[in-house]
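First comes the structure, then the notes that go with it.
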Amino acid sequence: MILALALADVKAGGWFGKVVKGKRQGTSNVGPVTGGDGRPAGDATNVVTDYVHVRGESRSHDAKFFKEITKAYKTAFEKAAKRVKNSEGKSGRVKFKAETDYYPFRMKESLPVVKRAAAAVSDIGGTPTIRAANGGLDANWMVRHGVPTVTFGAGQNEPHTTDEWINLDEYDRACALAVQLATTR
Amino acid sequence: MSFDIQAATDRLMRFLAVEGVTGKEAAIGRELTAALQEGGVPADAIRLDDANTRIPVPTETGNLIVDLPGRGAMHNQPRIMFMTHMDTVPLCAGAKPKVAGRKIVNQAKTALGGDNRCGCGVLVTLAAELAKQKLDHPPITLLFCVREESGLWGARRVKTQDIRSPIMAFNYDGGSASNVTIGAVGADRWQVEIFGRASHAGSRRSAGSVRP
């Protein structure tokens, strides 16, 4: 019941799924709901479930905003715990833990790495599309380590699904691009 | 730039045939090492780091790191890096890749592993073409990361001195070679434990009489 109230509150506040607050945007999701360590949440229909473990995530290009989304979840769970009381008037409690999985980054288009990347795409006959990704990349950590890093595609399509396939034209272009990048004077 | 397209496709098919789901990258690491050597990279230029000893989840092997000294007119230029990841999502176990025209498809009901054997194929092709065509290039580091698919751990735990502090890097992970990705989101993962008060559903909770 605490979980249901908390999630209803999160949804009502506009913090579930795609989150837009003014100019700031992000996403959030609620993942597995279990009894912890692979057990189901709850044991029987005639026993009030006394333990539930829930995992989720918050994402944004704005470093402060994804923490704000996470905080909205924390507040909702804490409020919900206080609202559900048993016959003796005692409420439940929650233990909420969050950690940063990876940090957002956005490199300036004037950086040498970006200029070299865009020029090499043009040199092999392509039209560079400057973009930002909505998922984490190894580049997130390289940039954090102080190595400015541009990411290119190499032909993968519909990854993480049973419909995955490879576009060999893009793979070949990625190979040509690598040789171009390595030999540009 | 011209390069041997058939050899590049053969390499990709070869890497797709090696299972290497996230955290279990030892076999694909050996295959990449063999292919790099066949492409003309000396054995002593290829090594594994110890990032796996600093990753909090069991990981078979470290990141595969290759050091290509600069050649010709560009040998003194600052070092650059090419990187990708050598693990796949667990859904790729048992994949059966097949070339069909200008596509590679899967004959098994799994994911294929193009994410990210494509990146592996690109980096090994680069090393092989630089050697075969004797092209001038600056010092280059190749980095094949472990555990990208389960927390970006290889890149997170790599030491900059182990990759010889390149001034810039090019990462291969995605669809189109024309996409120049210069930013990405950040993320929190959270968990909450909810402690209620166990009681008989028909008794204390509702202050009613005890029934089975």
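The figures that follow rest on heavy atoms only: side chains count, while hydrogens, waters and symmetry mates do not. Since the model is a prediction, treat every value here as computed from it, not as a measurement. Chain letters run A, B, ... following the sequence lines, proteins first and then strands; every chain starts at 1.
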- prompt: Are a donor atom and an acceptor atom from the side chains of T100(A) and R189(B) found within less than 3.5 Å of each other?
  reply: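 Absent: no donor and acceptor within the cut-off.
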
task: Indicate whether any N or O donor in one side chain lies under 3.5 Å from an N or O acceptor in the other, for D173(B) and T151(A).
output: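 Note: D173(B) and T151(A) side chains miss the donor-acceptor criterion.
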
Taking the side chain as every heavy atom from C-beta outward, state whether [X] and [Y] have any pair of such atoms under 4.5 Å apart.
X       : Y       : value
Q191(B) : F96(A)  : no
D188(B) : R59(A)  : no
W165(A) : N106(B) : no
T183(A) : L130(B) : yes
D101(A) : W190(B) : no
E170(A) : C118(B) : no
I104(B) : L168(A) : yes
Y171(A) : V122(B) : yes

As an exercise: rank [options] by heavy-atom pairs under 4.5 Å with chain B and give me the winner.
options                          : answer
A98(A), C175(A), G92(A)          : C175(A)
V52(A), I2(A), L3(A)             : V52(A)
R93(A), R173(A), K67(A)          : R93(A)
A139(A), A44(A), A133(A), A80(A) : A133(A)
H160(A), R185(A), E57(A)         : H160(A)
E158(A), K95(A), R144(A)         : K95(A)

Is it the backbone or the side chain of [X] that comes under 4.5 Å from a heavy atom of chain A, or both, or neither?
X       : value
E129(B) : side chain
V99(B)  : side chain
S176(B) : both
T160(B) : side chain
I167(B) : backbone

query: Sub-3.5 Å donor-acceptor pair from the side chain of H85(B) to the main-chain atoms of L137(A), do we have one?
result: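 Here the side-chain-to-backbone pair does not exist.
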
Do you know which two heavy atoms are closest between [X] and [Y], and how far apart they sit?
X       : Y       : result
M74(B)  : A182(A) : CE-O, 4.1 Å
V147(A) : A169(B) : CG1-CB, 3.8 Å
F170(B) : A117(A) : CE2-CB, 4.1 Å
E164(A) : G114(B) : OE2-N, 2.8 Å
H61(A)  : A184(B) : ND1-C, 3.6 Å
T162(A) : L91(B)  : N-CD2, 4.3 Å

query: Should we say atom NZ of K82(A) is surrounded by more than 12 heavy atoms from elsewhere, each under 6.0 Å from it?
result: no

query: Counting only heavy atoms not in R54(B), do more than 12 fall under 6.0 Å of its CZ?
result: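 Yes, enclosed.
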
field: For N179(B), all residues meeting side-chain hydrogen bond (donor to acceptor under 3.5 Å, both in side chains), sequence neighbours excluded
entry: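 Listed in chain order: nothing, the list is empty.
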
Selection from [options] maximising heavy-atom pairs under 4.5 Å formed with chain A:
options                            : result
M168(B), E193(B), K103(B), E149(B) : E193(B)
K109(B), E148(B), Q77(B)           : E148(B)
L123(B), L126(B), N116(B)          : L126(B)
R71(B), M83(B), K159(B)            : M83(B)
G72(B), P97(B), G186(B), C145(B)   : G186(B)
A187(B), A100(B), G196(B)          : A187(B)

Under 3.5 Å, sequence neighbours excluded: what are the donor-acceptor pairs made by side chains of residues 102-115 of chain A?
from, atom 1, to, atom 2, distance (Å)
Y102(A), OH, G136(A), N, 3.2

field: Verdict with reasoning, F195(B) to V94(A), per side chain to side chain contact (heavy atoms under 4.5 Å, CB included)
entry: CA-CA 6 Å; F195(B) 303 92; V94(A) 297; over 6 Å; no

query: Going from OG on S178(B) to CZ on F152(A), what distance comes out if it is rounded to the nearest 0.5 angstrom?
result: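 Between S178(B) OG and F152(A) CZ, I get 9.5 Å after rounding to 0.5 Å.
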
field: Point-to-point distance, once rounded to the nearest 0.5 Å, from CG of N171(B) to OG1 of T149(A)
entry: 7.0 Å

Measure [X] against the heavy atoms of chain B and call it side chain, backbone, both or neither at under 4.5 Å.
X      : value
A63(A) : neither
D62(A) : neither
S28(A) : neither
S91(A) : backbone

message: Apply side chain to side chain contact (heavy atoms under 4.5 Å, CB included) to residues M142(A) and I163(B) and explain how you reach the verdict.
response: CA-CA 11 Å; M142(A) 294 320 302; I163(B) 52 173; 3.5 Å; yes

task: Starting from the C-alpha separation in whole Å, work towards a yes-or-no answer on side chain to side chain contact (heavy atoms under 4.5 Å, CB included) for L181(A) and F82(B).
output: CA-CA 9 Å; L181(A) 284 164; F82(B) 290 84; 3.8 Å; yes

message: Show, in sequence, the C-alpha distance, side-chain angles and deciding distance for L135(B) and V179(A), and conclude whether the side chain to side chain contact (heavy atoms under 4.5 Å, CB included) test is met.
response: CA-CA 9 Å; L135(B) 298 169; V179(A) 177; 3.8 Å; yes

- line: Paired with V185(B), the side-chain contact (heavy atoms from CB on, under 4.5 Å) test is passed by just one of N140(A), T27(A), N134(A), namely N134(A)

field: R156(B)/D138(A) salt bridge by N-O under 4.0 Å criterion
entry: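 No.
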
field: Criterion salt bridge (charged side-chain N to carboxylate O under 4.0 Å, His left out) on R102(B) and D172(A), from CA distance to verdict
entry: CA-CA 10 Å; R102(B) 295 302 294 153; D172(A) 290 348; 2.6 Å; yes

